[in-house]
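Inspection log for the structure reproduced underneath, given as structure tokens.
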Amino acid sequence: MQGQQGDTRPTTSDFAWVQHTTPGFLISANRSRANPHSHSNASAAGLRLIVALQGPIKLNFDQHDFRLQPQQQAQVLLVNLNEPALFQRHCGQPGIEQKVCMALDHPWLEQHGLPELGSQSALARLASRHLAAMQWVASPQLTRLAQQMVQHHAANPLLARIEREGMGMLLLGQALAEIGSPPPDRPATPQLNRRLQRVKALIDSGEGENWSLHQLAEAACMSSSTLQRHFRRHFDCSVMDYLRGQRLESARQMLLSGQRSITDVALGAGYSSAANFATAFRRRFGQPPSACLR
């Protein structure tokens, strides 16, 4: 991630590498022994891909929480940022962490064929929304590619760069293929419907408005990735997209009441600044927050 600030992370890296392949495409891989710590940095706009092999890994972008806890297969997180966002990591207990990370600028994606996929492709829909995210359990093939990248050593620096760029492109291609080819739908069971409706009711009532994805998943008695997959299939949007929409609607009602300022409402809705809130508000309602003030 870019633009580090306030970074105090007492970790001892067993093995790590970072590589700028082409302009707009950054790859890193590491196996680290992490001690309890927190750190943050400013993340530029673009697509962020994290393949976690060993964790758990807790992170957030602009206070939107994600948790990766791989088991037999890696777990994958794909997050889109249409504007700069505050990236934060928190490690609450010591342990081994293995992951591959990629940062892709939007111009890089466009140069490499994103417009040709069409506006209805999974990647194009993801890239059109700020803080849109997808999380899933990696295929065995994607898991093996990530393991090879974490373990990669080469005595010759030139060969190392070529091999790592090649492996990175293969991993990226496999990850994007997996979001474009989701597993076949299965009919939702009555129990699954009840659990999904419980999550929706928690958000609609305001009780779960400030909950993280992990907390909502626990309330539904399922993992975060399972909740994300079924919620999107059931309601045609991600959990966090739905939660953000409800927060913005609540914020709009508060502004209409005239009892709170735009800054207070923005902070209450989970935005780090009034400017970020105004951008999200205009995107959803087609007008600035000030239009709702009486």
Side-chain angles (χ1 to χ4, degrees), residues 1-8 38-48 58-67 77 79-90 92 106 125-133 198-219 224 227-228 231-232 235-294:
M1 306 300 171
Q2 302 176 12
Q4 292 184 357
Q5 60 184 30
D7 188 350
T8 56
S38 296
H39 72 271
S40 64
N41 59 57
S43 189
L47 206 63
R48 301 292 177 266
K58 296 170 64 178
L59 56 97
N60 71 59
F61 289 93
D62 274 353
Q63 301 180 18
H64 297 287
D65 295 324
F66 301 98
R67 181 184 178 92
L77 174 65
V79 181
N80 179 64
L81 306 176
N82 284 339
E83 58 194 60
L86 178 64
F87 170 77
Q88 295 177 303
R89 275 292 319 272
H90 175 70
H106 288 129
R125 291 198 304 270
L126 184 84
S128 69
R129 304 190 310 277
H130 182 55
L131 290 172
R198 171 166 169 70
V199 171
K200 185 174 180 294
L202 283 168
I203 297 173
D204 289 344
S205 68
E207 182 181 349
E209 188 172 285
N210 295 316
W211 290 19
S212 67
L213 176 61
H214 181 64
Q215 288 172 311
L216 290 168
E218 284 189 334
S224 299
L227 173 61
Q228 282 278 50
F231 195 95
R232 182 183 294 277
F235 299 110
D236 198 30
C237 67
S238 73
V239 178
M240 301 314 293
D241 279 347
Y242 188 80
L243 182 57
R244 280 191 291 274
Q246 294 302 102
R247 285 174 177 168
L248 287 170
E249 179 57 36
S250 297
R252 190 175 75 90
Q253 295 301 323
M254 289 182 187
L255 290 172
L256 288 171
S257 72
Q259 297 177 359
R260 297 176 65 183
S261 69
I262 291 176
T263 299
D264 287 344
V265 170
L267 294 175
Y271 289 85
S272 58
S273 71
N276 287 345
F277 170 70
T279 300
F281 194 95
R282 184 186 291 274
R283 186 181 296 123
R284 182 167 182 85
F285 299 115
Q287 59 182 6
S290 58
C292 296
L293 295 176
R294 293 176 176 174

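The analysis underlying the following values was restricted to heavy atoms, covering all of them including side chains, and did not include hydrogens, waters or symmetry mates. Here the structure is a predicted model, which means the values were calculated and not measured.
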Set of residues satisfying salt bridge (charged side-chain N to carboxylate O under 4.0 Å, His left out) with respect to [X], sequence neighbours excluded:
X	value
Glu83	Arg283
Asp62	none
Arg89	Glu97

For [X] against [Y], the heavy-atom pair lying closest together:
X	Y	answer
Asp65	Leu213	O-CB, 3.9 Å
Gln228	Ser238	OE1-CB, 3.7 Å
Ser273	Ala266	O-CB, 4.2 Å
Gln63	Gly270	OE1-O, 3.4 Å

Exercise for review: Kindly say whether Ser212 contributes a backbone atom to a donor-acceptor pair with the side chain of Gln215 at under 3.5 angstrom?
Suggested key: yes
**Study point:** Residues forming a side-chain contact (heavy atoms from CB on, under 4.5 Å) with Arg198, sequence neighbours excluded
**Key:** Leu202, Ala219
Point to revise | Ser128: side-chain contact (heavy atoms from CB on, under 4.5 Å) partners, not counting sequence neighbours | key: none
Is there a side-chain contact between [X] and [Y] in this structure, where contact means two heavy atoms from C-beta onward sitting under 4.5 Å apart?
X	Y	answer
Leu216	Phe231	no
Ser43	Leu81	yes
Gln287	Cys292	yes
His64	Arg244	yes
Leu86	Ser272	no

Practice item. Using the salt bridge (charged side-chain N to carboxylate O under 4.0 Å, His left out) rule, collect all pairs that involve residues 257-266, keeping only residues at least two apart or in two chains. Key: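 Every candidate salt bridge (charged side-chain N to carboxylate O under 4.0 Å, His left out) pair involving residues 257-266 fails, so no pair, neighbours aside, qualifies.
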Review point. Is NZ or CZ of Arg48 both nearer than 6.0 Å to the six-membered ring centre of Phe61 and within 45° of the ring axis?
Key: no
Using side-chain hydrogen bond (donor to acceptor under 3.5 Å, both in side chains) as the criterion, list what pairs up with [X], not counting sequence neighbours.
X	result
Thr279	none
Arg247	none
Lys200	Asp204, Tyr242
Gln253	Glu249

Exercise for review: Apply side chain to side chain contact (heavy atoms under 4.5 Å, CB included) to Gln88 and Leu59, showing your working.
Suggested key: CA-CA 6 Å; Gln88 295 177 303; Leu59 56 97; over 6 Å; no
Check your understanding: Can you list every ring pair (Phe, Tyr, Trp, His ring centres under 6.0 Å) pair that touches residues 253-276, not counting sequence neighbours?
Key ->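 Checked against ring pair (Phe, Tyr, Trp, His ring centres under 6.0 Å) - neighbours excluded - the pairs reaching residues 253-276 are Tyr271-Phe277.
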Check your understanding: Which pairs, with at least one residue in residues 245-270 and sequence neighbours excluded, count as a ring pair (Phe, Tyr, Trp, His ring centres under 6.0 Å)?
Key ->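 Matches after skipping sequence neighbours: none remain.
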**Study point:** Short side-chain donor-acceptor distance under 3.5 Å, Asn60 and His90
**Key:**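 Side-chain D/A pair, His90 to Asn60: absent.
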